[in-house]
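Only one structure is covered here, and it is reproduced in the block below.
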Amino acid sequence: GENVEQHPSTLSVQEGDSAVIKCTYSDSASNYFPWYKQELGKGPQLIIDIRSNVGEKKDQRIAVTLNKTAKHFSLHITETQPEDSAVYFCAAQKGGGSNYKLTFGKGTLLTVNP
Amino acid sequence: GAVVSQHPSRVICKSGTSVKIECRSLDFQATTMFWYRQFPKQSLMLMATSNEGSKATYEQGVEKDKFLINHASLTLSTLTVTSAHPEDSSFYICSARRWDTEAFFGQGTRLTVV
């Protein structure tokens, strides 16, 4: 089955700096890669996603890059703010259709220091 | 994004009793719903996948007789933890998806069995 590795497990940055979280996946057939933000005591919130036919996607301060050859994808947050502090999960999915399961990374605890 | 509502957000029950958790897609019809369990500081663990009107598909190691899942309509799925014990205490999260769109998550339910 699919295996998703996520690094680092914790990341501390100063407000205004950039943060980068990296994930690798094992199954070359995976074609959908979402990123979720989870605040304490809440469910995950989709913040950005990318499909395998695209190399990069950006939404304001958040961007995701995908390298299919190397089987890795990364989340980039620029101009970090204290409210960006949360746990971030990457995930990978193979195939289309609603039944296909997401395989999650272990998560990254991001702390943005004022 | 679409809204998935999960209820209750917190529940405390006595050992040996059953508790039901509801997951509703508020503004879309969900062809598939997923139930996850999350332990503190860990990633999401998929328990089961359910499609409206059919039996849920459980992941390996998940007791289907203990975690009863019903997906009676395109907007409602329920998870019933039967004969709950303290080791069932956890954070349970549902997600819903319509066809090949992204998955949206509920806010989670904190179950404490005393």
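Values below: all heavy atoms of this structure, side chains included; hydrogens, waters and symmetry mates excluded.
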Is it true that A/Lys71 and A/Asp27 have a side-chain N and a carboxylate O under 4.0 angstrom from each other?
-> no
In terms of side-chain geometry, is the basic nitrogen of A/Glu39 or A/Lys37 positioned less than 4.0 Å from the acidic oxygen of its partner?
->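 A salt bridge is present here (some side-chain N lies under 4.0 Å from a carboxylate O).
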So what's closer than 4.5 Å to chain B heavy atoms on [X]: side chain, backbone, both or neither?
{"X": "A/Pro34", "answer": "neither"}
{"X": "A/Gln38", "answer": "side chain"}
{"X": "A/Phe104", "answer": "both"}

Checking B/Gln6 against chain A: side chain, backbone, both or neither under 4.5 Å from a heavy atom?
->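 Neither part.
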In terms of heavy-atom pairs under 4.5 Å, which option from A/Gly105, A/Ala91, A/Gly43, A/Gly107 contacts chain B the most?
->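 Maximum pair count with chain B is reached by A/Gly43.
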Within 6.0 angstrom of B/Glu87 CD, more than 12 heavy atoms from elsewhere | yes
Aromatic rings A/Phe73 and A/Trp35: how do their planes relate, parallel, tilted or perpendicular, breaks at 30° and 60°?
-> perpendicular
Any idea which of B/Ala103, B/Ser9, B/Gly108 has the most non-hydrogen atom pairs under 4.5 angstrom with chain A?
->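 Option with the top pair count is B/Ala103.
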Please determine, by modelled atom types, if A/Asn3 and A/Tyr25 share a side-chain donor-acceptor pair under 3.5 angstrom.
-> no
